[in-house]
Amino acid sequence: NLVRFFNPAMQAAIDSRIVMEAALRQALDKGEFRLYYQPQIDQHGGLIGAEALLRWLPPGQDMVSPDTFIPLAEDTGLILAIGQWVLDTACAQLKAWEKDPRTQSLQMSVNVSARQFHQQDFVESVQHSLVSSGINPARLKLELTESVVLDNVDAVVGRMQQLNALGIRFCLDDFGTGYSSLSYLKRLPLDQVKIDQSFVRDVPDDPNDAAIVRAIMAMSRSLGLQVIAEGVETQAQRDFLLQNECMAYQGFLFCEPIPIEEWERLLQ
Ligand code: C2E
Ligand code: MG
Ligand code: MG
């Protein structure tokens, strides 16, 4: 007295996830990850820093987007080893930049996922990257999303303060898309918020997005936070942001995320 349905699409999704998980487990050892670096630009068009963005390049296949494999890496715990590799690689790049007068004052932003931030020894692992690379910690900025903060604000503040004491700064990524609570925003030792690209996309035309951007700017000003906008693709967007006193930008209008070899051309 039972009817069972079989959905081939569900099976296909599970199969492809298993295949990807197996490949992801080996990707680090096989050296299939790369960091791309997207320039961050100030109001005068000057280069002020870069965001390190992870790329997975399985041999003979298309590049896999981090939006696809980061959630899987989080579920499986692989994010811990991958995140450590990202930190070490970004710090090594910062060290190399220190030696070049054109790049020695640049900031490097590194994305940190919730599972990574909440692991027991996260502070120690960041400290390890700092010591082994010998960088100036003030050049390193960790990007957290609101999902990191959601869990246990007291614990998060404590951990951020420990990292602050090492000299590291923080940016709140994708700002406005999560459960932004003004009460925690006040308590977190943040340096910067990053206006999410979903708000930037439709300014200046969409009056709602324009109002949200203005509100973020006003709030950041009164809390003493710096602001950077991501996903800036057009001159009109940049002009609107500048008019509203947003002085830092990241987006295709300036440059896409590029591998480090292409930075030489950019710097020239
Ligand atoms: P995110 O940190 O918010 O990064 C911004 C995303 O916007 C990047 O996508 C970037 O390539 C893209 N982007 C930059 N400029 C523009 C633009 O002008 N227009 C549009 N439409 N998009 C633009 P990407 O590289 O695919 O990364 C997606 C997300 O994956 C990141 O979002 C971040 O949450 C995560 N991610 C990337 N690298 C890492 C990493 O090393 N660790 C962790 N935990 N997460 C990472
Ligand atoms: Mg980011
Ligand atoms: Mg973002």
Side-chain angles (χ1 to χ4, degrees), residues 24 27-28 32-41 49-57 62-94 107-119 122 125-126 129 140-149 169-178 180 190-203 209 213 216 227-238 240-241 246 248-260 262 266:
L24 194 60
L28 202 54
E32 293 171 3
F33 290 117
R34 291 275 177 283
L35 280 188
Y36 278 34
Y37 300 92
Q38 185 174 37
Q40 297 178 331
I41 306 293
E51 177 176 10
L53 291 158
L54 186 58
R55 298 290 179 259
W56 179 18
L57 304 147
D62 290 343
M63 189 161 78
V64 188
S65 155
D67 285 329
T68 314
F69 72 83
I70 295 278
L72 187 59
E74 283 225 302
D75 287 351
T76 53
L78 290 166
I79 192 67
L80 304 182
I82 296 173
Q84 188 66 48
W85 179 86
V86 169
L87 259 176
D88 288 338
T89 308
C91 287
Q93 189 54 52
L94 265 177
Q107 286 262 328
M108 177 82 79
S109 292
V110 173
N111 294 285
V112 173
S113 71
R115 174 130 185 213
Q116 200 184 345
F117 186 86
H118 289 296
Q119 71 175 311
F122 181 66
S125 67
V126 174
S129 300
L140 183 65
K141 195 178 278 171
L142 299 182
E143 291 196 1
L144 307 179
T145 55
E146 290 163 50
S147 63
V148 171
V149 187
R169 300 170 194 202
F170 289 96
C171 173
L172 196 57
D173 201 358
D174 303 340
F175 184 68
T177 57
S180 322
L190 290 166
D191 226 55
Q192 188 182 51
V193 299
K194 190 180 264 192
I195 306 179
D196 188 66
Q197 47 185 285
S198 61
F199 303 121
V200 174
R201 191 171 302 133
D202 294 323
V203 295
D209 286 332
V213 169
I216 293 175
V227 182
I228 184 165
E230 71 177 357
V232 182
E233 295 183 353
T234 68
Q235 192 62 40
Q237 291 166 346
R238 198 212 80 125
F240 174 85
L241 289 161
C246 176
Y249 325 93
Q250 202 183 319
F252 299 162
L253 176 65
F254 307 97
C255 189
E256 292 172 19
I258 49 174
I260 200 63
E262 287 178 36
L266 183 89

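Each ligand, and each atom within it, is numbered from 1 in the order the structure gives.
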Asker: Given the protein's heavy atoms, is any one of them under 4.0 Å from atom 9 (O) of ligand 1?
Answerer: no
Asker: Regarding atom 12 (C) of ligand 1: of the candidates Gln197, Glu143, Gln237, which has the closest heavy atom?
Answerer: Gln197
Asker: Among Ser109, Ser113, Ser65, whose heavy atom sits nearest atom 44 (N) of ligand 1?
Answerer: Ser113
Asker: Okay, side chain of Glu262, backbone of Pro259: is any donor-acceptor separation there less than 3.5 Å?
Answerer: no
Asker: Can a non-hydrogen atom of Gly231 be found less than 4.0 Å from any atom of ligand 1?
Answerer: yes
Asker: For atom 15 (N) of ligand 1, is the nearest protein heavy atom closer than 4.0 Å?
Answerer: yes
Asker: Looking at OG1 of Thr177 and CG of Asp196, how far apart are the two atoms once the value is rounded to the nearest 0.5 Å?
Answerer: 4.5 Å
Asker: Which of the listed options, Pro66, Gly251, Cys255, holds the heavy atom that is closest to atom 35 (C) of ligand 1?
Answerer: Pro66
Asker: Relative to the heavy atoms of Glu51, which atoms of ligand 1 are at a distance of less than 4.0 Å?
Answerer: 2 (O), 4 (O)
Asker: Under 4.0 Å from any heavy atom of Asp173, which atoms of ligand 1 are there?
Answerer: 1 (P), 2 (O), 3 (O)
Asker: Go through ligand 1 atom by atom and flag the ones less than 4.0 Å from a non-hydrogen atom of Glu233.
Answerer: 17 (C), 18 (O), 19 (N), 20 (C), 21 (N)
Asker: Can you tell me how far apart CG (Asp174) and CZ (Phe199) are? Round to the nearest 0.5 Å.
Answerer: 9.5 Å
Asker: What protein N/O/S atoms are there under 2.8 Å from the Mg ion (ligand 3), waters excluded?
Answerer: Asp173 OD1, Asp174 OD1, Glu230 OE1, Glu230 OE2
Asker: Look at the side chain of Glu74 and the backbone N and O of Arg115, then say whether any donor-acceptor pair between them is shorter than 3.5 Å.
Answerer: yes
Asker: If every non-hydrogen atom of Ile82 is compared with every non-hydrogen atom of Leu28, which pair is closest and at what distance?
Answerer: N-CD2, 4.1 Å
Asker: Taking just the N, O or S atoms of Glu51, which one is nearest to the Mg ion (ligand 2)?
Answerer: OE2
Asker: Distance from Asp191 atom CG to Ile228 atom CD1, nearest 0.5 Å?
Answerer: 11.5 Å
Asker: Among all protein heavy atoms in this structure, tell me which lies nearest to atom 31 (C) of ligand 1, with the distance rounded to 0.1 Å.
Answerer: Leu53 CD2, 4.3 Å
Asker: Applying side chain to side chain donor-acceptor pair (under 3.5 Å), run through Gln38 and Glu51 and close with a yes or a no.
Answerer: CA-CA 5 Å; Gln38 185 174 37; Glu51 177 176 10; over 6 Å; no
Asker: Look only at the side chain of Glu146 and the backbone of Gly176, and say whether a donor-acceptor pair between them is shorter than 3.5 Å.
Answerer: yes
Asker: Indicate yes or no: does an N/O atom of Gln38 lie under 3.5 Å from an N/O atom of ligand 1?
Answerer: yes
Asker: For Ile41, what residues pass the side-chain contact (heavy atoms from CB on, under 4.5 Å) criterion, not counting sequence neighbours?
Answerer: Pro39, Leu47, Phe254
Asker: Which residue owns the protein heavy atom closest to atom 3 (O) of ligand 1, what's the atom, and how far is it?
Answerer: Asp174 OD1, 3.0 Å
Asker: Among all protein non-hydrogen atoms, which one is nearest to atom 34 (O) of ligand 1, and what is the separation to 0.1 Å?
Answerer: Asn111 OD1, 4.6 Å
Asker: Write down the atom of Ala90, the atom of Val110, and the distance for their closest heavy-atom approach.
Answerer: CB-CG2, 3.6 Å
Asker: Is there a heavy atom of Glu74 sitting under 4.0 angstrom from any atom of ligand 1?
Answerer: no
Asker: Who's the nearest protein heavy-atom neighbour of atom 11 (O) of ligand 1, and how far?
Answerer: Pro257 CG, 3.3 Å
Asker: For ligand 1, which is the ligand I care about here, please tell me if Leu54 has any N or O atom under 3.5 Å from one of the ligand's N or O atoms.
Answerer: yes
Asker: Using the test side-chain contact (heavy atoms from CB on, under 4.5 Å), find all partners of Ser129 that sit at least two apart in sequence or belong to another chain.
Answerer: Gln84, Leu87, Asp88, Cys91
Asker: Could you work out, with ring pair (Phe, Tyr, Trp, His ring centres under 6.0 Å) as the rule, every residue matching Phe122, not counting sequence neighbours?
Answerer: Phe117
Asker: For Val86, take its heavy atoms, then give the atoms of ligand 1 lying under 4.0 Å from any of them.
Answerer: 41 (O)
Asker: First locate atom CH2 of Trp56, then atom CG of Leu24, and finally report the distance between them rounded to the nearest 0.5 Å.
Answerer: 4.5 Å
Asker: If the test is side-chain contact (heavy atoms from CB on, under 4.5 Å), which one of Asp202, Ile195, Val227 qualifies with Val213?
Answerer: Ile195
Asker: Between Tyr36, Phe252, Phe254, flag the one that comes closest to atom 13 (N) of ligand 1 by a heavy atom.
Answerer: Phe252
Asker: Please list, in number order, the atoms of ligand 1 under 4.0 Å from a heavy atom of Asp67.
Answerer: 28 (C), 29 (C), 30 (O)
Asker: Please find out if the Mg ion (ligand 2) and some N, O or S atom of Asn111 are separated by less than 2.8 Å.
Answerer: yes
Asker: Taking the side chain from Thr68 and the backbone from Val64, do they hold a donor-acceptor pair closer than 3.5 Å?
Answerer: no
Asker: Show, in sequence, the C-alpha distance, side-chain angles and deciding distance for Gln250 and Gln40, and conclude whether the side chain to side chain donor-acceptor pair (under 3.5 Å) test is met.
Answerer: CA-CA 5 Å; Gln250 202 183 319; Gln40 297 178 331; 3.0 Å; yes
Asker: Atoms of ligand 1 less than 4.0 Å from Glu230 heavy atoms?
Answerer: 3 (O), 5 (C)
Asker: Looking at Glu233 and Arg201, does any basic side-chain N land under 4.0 Å from a carboxylate oxygen?
Answerer: no
